[in-house]
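Proteins get letters first, then strands, A, B, ... in listed order; numbering begins at 1 in each.
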Number of protein chains: 2
Amino acid sequence: MVSIKKIAQDIGVSTATVSNALTGKGRVSEQMVARIRSRAEELGYRPSTVARALKTGQTGILGLVMPDLTNPLFPRIAQMLSIAADTRKFGILIADSRGSPQEQTEALRRLLDRGVDGLLIVPQKGTTPEPMPVPVAVINTASDPANSVSADHAGGGALVARHIADIGHRRVVILGGDAVSEVQQDRIAGMTRALPPTVDARIMWGDAGIERAVAEVQAGATAILTTSDLIALRVRSELMRAQIPAPDQVSLTGFDDMSFAPIMHPALTTVAQNVDEIAARAIDIISTKIRGGTHPREGETVPMRLVVRQSTSIPNHPAQRRPSR
Amino acid sequence: MVSIKKIAQDIGVSTATVSNALTGKGRVSEQMVARIRSRAEELGYRPSTVARALKTGQTGILGLVMPDLTNPLFPRIAQMLSIAADTRKFGILIADSRGSPQEQTEALRRLLDRGVDGLLIVPQKGTTPEPMPVPVAVINTASDPANSVSADHAGGGALVARHIADIGHRRVVILGGDAVSEVQQDRIAGMTRALPPTVDARIMWGDAGIERAVAEVQAGATAILTTSDLIALRVRSELMRAQIPAPDQVSLTGFDDMSFAPIMHPALTTVAQNVDEIAARAIDIISTKIRGGTHPREGETVPMRLVVRQSTSIPNHPAQRRPSR
DNA sequence: ACCCTCTGATTAATCGTTCAATCAGAGGGT
DNA sequence: ACCCTCTGATTGAACGATTAATCAGAGGGT
């Protein structure tokens, strides 16, 4: 490995001068800077991030903790974070908390031991991470007081609910996966708040909820709003089993615009997160925090975007038929 | 931050003794080891991985490069690699190559600059990474000469093809996504080799292939074997549009057992990768390489597992009806 | 008493970089 | 001549650990 020392010897100056020339910090004449730069280039010099880290106390590495990497949405977040991070010259060290809070704590400890400059945390459902010795950016949802940035899940819920109300549905089912999840709670809260009082909405949860939702459709409900594309897909399967056509007899919506949403049949109406923006904001926040500042927009959410596809349509139920708008 | 020096001062010995006591390397009396250990415990001492890295030249960090993190299979690999890595005390630094070979090279350079001890590479479709200054483990497919470990894609193709042949199909379509992908090539090669000569199989590729496959079914084919669950899902949508019932008129298979495979309708017959084993093997290989050894099983593949669900059944086409076995 | 060996510890260098402090010398002003 | 300022460079310590080389002293053998 070629070090600053080698360059210094070659040119006949001290290592300090080389360091200054390369980083542009001290006082070095222009010719000298040019000579050093070109020699460094020739030798293929790459500064040792390790040595720099030791001296400065900054590793330039961020730790990323996710609840369970198998959630199909996380890779996109991870990818965008990784891209946003390296515009700021940060690297990303991953840790998986394997679904358990103890493991999450373990994972955090390991990252801290490696000297990360900051932590990006997507918390376990229903847990709040304890205070950390380094700056932290939490990506969760608006109702989490620790939240640094996240999608506007409630707003997204409102978008999809309003869409359903607008096209004429009057009796709907709202279907959540896991009531412990704050994200899902917020999505549902957004839906219920946005629905006009003329709409009859019932909230159901979990596996049992899926069956009950189908029964509810047979009893006259014309739409099922879910908090996840995965749930929507399962509902779709149950509907087929019950021979209920979608969207003819029932409209269906998901959440997150996962990979399969556009290619399932009917293509799923859903709400997309602006993952790029969330990632960029998270990196922005964590890096200002690391520099000791306070980010003006910390805690703000990023709007979601309604993606209307074929799984939602005007209700076709005899009791509720109405002219198209 | 509490360092080795602080402990040394507290007890009144040299830092060397503390280092020796903690790592168990030099000659230190048992009582002294005990005293140092307990003092370290009290102070909450955590060794600086950065300082250690500078001195030893080993960071204990592996770089992970993936072609495009949005592929729904990669998060599982990343998760398992991360878990396997930390049993070996390695951390994992991620980099995304955003689909382009140049970016892949860039990503590798960034990781090397951070001083990773080794690289885990899932290559871009159709590209072979150039030689690297650190040990590398490549996760790709058997036909890649650089491959270190991977699923036995050809074997997986054989499993699913044999299943289809066994239950009586005689005219099938094999549908690939992208002919550039070596993985998909291997899967298809495995399928065709495993099919008996009595079976008529046609290979088709890409978006155009999906339409042609549906036409082929209308012309009498009774099964479509795809190289990916995502493709299978798209085929499923096209079949519904064409009002072709599955699996009644046509059996359908995917690959990779993605999250939605069990919950789509009909639940998808597919081939699962043993991701845990692949990850564990990859870490094993890279760590023996880092220690300067050669791994005895490098290059071997890990068997895939056929997962039979409702999307495949005995062919029901009049021309090919036969008794159940 | 002398030499040898062994144990348990210390010394000091080193990894590659940064940075505050220092210094040599040029040039200007009086 | 003398003092002052400014520029461009150097010195040397530090970051926190590891490690080869060294050393003091205890004990054993002759």
Side-chain angles (χ1 to χ4, degrees), chain A residues 1-37 39-40 43-61 89 91 112-117 133-134 290-291, chain B residues 1-37 39-41 43-61 89 91 112-117 133-134 291:
Chain A
M1 274 298 85
V2 32
S3 74
I4 227 176
K5 204 167 173 180
K6 166 76 175 147
I7 300 177
Q9 285 175 346
D10 278 17
I11 306 217
V13 295
S14 72
T15 61
T17 302
V18 177
S19 173
N20 286 334
L22 259 23
T23 58
K25 288 224 174 121
R27 285 192 295 230
V28 190
S29 64
E30 290 197 20
Q31 311 98 293
M32 187 55 87
V33 169
R35 283 178 64 197
I36 290 175
R37 284 262 163 79
R39 188 74 190 122
L43 295 173
Y45 167 75
R46 315 257 67 191
S48 156
T49 54
V50 173
R52 184 174 291 168
L54 178 58
K55 177 63 191 181
T56 63
Q58 305 256 295
T59 52
I61 295 182
K89 307 291 178 204
L112 288 174
D113 278 357
R114 296 218 179 260
V116 297
D117 291 342
V134 298
I290 288 172
R291 283 193 300 264
Chain B
M1 274 297 87
V2 31
S3 74
I4 226 176
K5 203 168 175 181
K6 166 76 177 149
I7 300 176
Q9 285 175 345
D10 279 16
I11 307 216
V13 295
S14 72
T15 61
T17 304
V18 176
S19 174
N20 285 333
L22 259 23
T23 57
K25 290 228 173 115
R27 283 190 298 227
V28 189
S29 66
E30 290 197 19
Q31 312 98 290
M32 188 55 88
V33 169
R35 283 179 63 196
I36 290 175
R37 285 261 162 77
R39 189 76 190 118
E41 185 77 20
L43 294 174
Y45 168 75
R46 316 256 66 189
S48 156
T49 53
V50 173
R52 184 174 290 167
L54 177 58
K55 177 63 191 184
T56 63
Q58 304 256 298
T59 53
I61 295 183
K89 306 291 177 204
L112 289 173
D113 278 357
R114 296 220 176 260
V116 297
D117 290 343
V134 297
R291 283 192 299 264

Colleague: When rounded to the nearest 0.5 angstrom, what distance separates CD1 in A:Ile4 from OH in A:Tyr45?
Modeller: 4.5 Å
Colleague: Which residues in residues 18-26 of chain B have a heavy atom closer than 4.0 Å to any atom of DNA chain D?
Modeller: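 Here the set is B:Ser19, B:Asn20, B:Thr23, B:Lys25.
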Colleague: Once Watson-Crick and G-U wobble pairs under 3.5 Å are found, how is DNA chain D written in dot-bracket notation, 5' to 3', with | for any base paired to another strand?
Modeller: ||||||||||||||||||||||||||||||
Colleague: Provide the full list of side-chain hydrogen bond (donor to acceptor under 3.5 Å, both in side chains) pairs with a residue in residues 48-60 of chain A, sequence neighbours left out, each pair given once.
Modeller: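 Output for this query lists A:Thr59-A:Asp117.
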Colleague: More 5' along DNA chain D: A:Gly12 or B:Met1, using each one's nearest nucleotide?
Modeller: A:Gly12
Colleague: How would you list, by chain and number, every residue that makes a side-chain contact (heavy atoms from CB on, under 4.5 Å) with B:Gln9, sequence neighbours excluded?
Modeller: none
Colleague: Considering residues at least two apart in sequence or located in another chain, which fulfil the side-chain contact (heavy atoms from CB on, under 4.5 Å) criterion with A:Lys25?
Modeller: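 Checked A:Lys25 against side-chain contact (heavy atoms from CB on, under 4.5 Å); matches are A:Asn20, A:Thr23.
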Colleague: So what does A:Thr17 touch, heavy atoms closer than 4.0 Å: a base, only the sugar-phosphate, or nothing?
Modeller: base
Colleague: Quick check: any donor-acceptor pair below 3.5 Å linking the side-chain of A:Lys55 to the base of C:dT17?
Modeller: no
Colleague: Residues in side-chain contact (heavy atoms from CB on, under 4.5 Å) with A:Leu54, at least two apart?
Modeller: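 Only B:Val50, B:Ala51, B:Leu54 meet the side-chain contact (heavy atoms from CB on, under 4.5 Å) criterion with A:Leu54.
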Colleague: DNA chain D: B:Lys5 or A:Val13, which has the more 5' nearest nucleotide?
Modeller: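 Comparing both residues, the 5'-ward one is A:Val13.
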Colleague: Output all residues satisfying side chain to side chain donor-acceptor pair (under 3.5 Å) with A:Arg46, sequence neighbours left out; order by chain, then residue number.
Modeller: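 A:Arg46: side chain to side chain donor-acceptor pair (under 3.5 Å) contacts with B:Asp113.
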Colleague: From A:Glu30 CD over to A:Arg35 CZ, what is the distance, rounded to the nearest 0.5 angstrom?
Modeller: 14.5 Å
Colleague: CZ of A:Arg37 to CG of A:Leu22: how many Å apart, nearest 0.5 Å?
Modeller: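 The CZ atom of A:Arg37 sits 6.0 Å away from the CG atom of A:Leu22.
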Colleague: Give the rounded distance in Å between these two atoms: NZ of B:Lys6 and P of D:dC15.
Modeller: 14 Å
Colleague: Expressed in angstrom and rounded to an integer, what is the separation of A:Leu54 atom CG from D:dA17 atom C1'?
Modeller: 8 Å
Colleague: Which residues pass the side chain to side chain donor-acceptor pair (under 3.5 Å) test with B:Ser14, not counting sequence neighbours?
Modeller: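 Once residues adjacent in sequence are excluded, the partners of B:Ser14 under the side chain to side chain donor-acceptor pair (under 3.5 Å) criterion are B:Thr17.
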Colleague: Are the side chains of A:Arg114 and B:Ile61 in touch, meaning some heavy atoms are under 4.5 Å apart?
Modeller: yes
Colleague: For nucleotides 21-26 of chain D, list the nitrogen or oxygen atoms of the protein found under 3.5 Å from its nitrogen or oxygen atoms, one pair per line.
Modeller:
none

Colleague: For A:Ile11 and D:dG8, what is the distance between atoms CD1 and C1' respectively, to the nearest whole Å?
Modeller: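 To the nearest whole Å, that distance equals 15 Å.
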Colleague: Report the residue (B:Thr56 or B:Met32) whose heavy-atom-nearest nucleotide on DNA chain C is the more 5′ of the two.
Modeller: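 The answer here is B:Met32.
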Colleague: Describe the nucleic acid contact of B:Ser48 in one word from base, sugar-phosphate, nothing, applying a heavy-atom distance below 4.0 Å.
Modeller: sugar-phosphate
Colleague: How many whole angstroms separate atom CG of A:Asp113 from atom P of D:dG16?
Modeller: 15 Å
Colleague: Taking the minimum atom-to-atom distance to the side chain of A:Ser29, which one of D:dA9, C:dA9, C:dT18 wins?
Modeller: D:dA9
Colleague: Can you measure B:Glu30 atom CD to C:dA9 atom C1' for me and round it to whole angstrom units?
Modeller: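 About 16 Å, once rounded to whole Å.
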Colleague: Among residues two or more places apart or on two chains, list those pairs meeting salt bridge (Lys or Arg N to Asp or Glu O under 4.0 Å) that have a residue in residues 6-21 of chain B.
Modeller: B:Lys6-B:Asp10, B:Asp10-B:Arg39
Colleague: Expressed in angstrom and rounded to an integer, what is the separation of B:Arg52 atom CZ from D:dT19 atom P?
Modeller: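 After rounding, the gap between these two atoms is 10 Å.
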Colleague: Grab the CD1-P distance between A:Ile7 and C:dG16 for me, whole Å please.
Modeller: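 After rounding, the gap between these two atoms is 12 Å.
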Colleague: A:Arg291: what forms a side-chain contact (heavy atoms from CB on, under 4.5 Å) with it, not counting sequence neighbours?
Modeller: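 A:Ser287, A:Thr288.
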Colleague: Choose from D:dA9, C:dT17, C:dT18 the nucleotide whose nearest atom is closest to any side-chain atom of A:Ser3.
Modeller: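 Minimum distance to the A:Ser3 side chain belongs to C:dT17.
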Colleague: Whole angstroms only, please: what is the CD-C1' distance between A:Gln58 and D:dC15?
Modeller: 13 Å
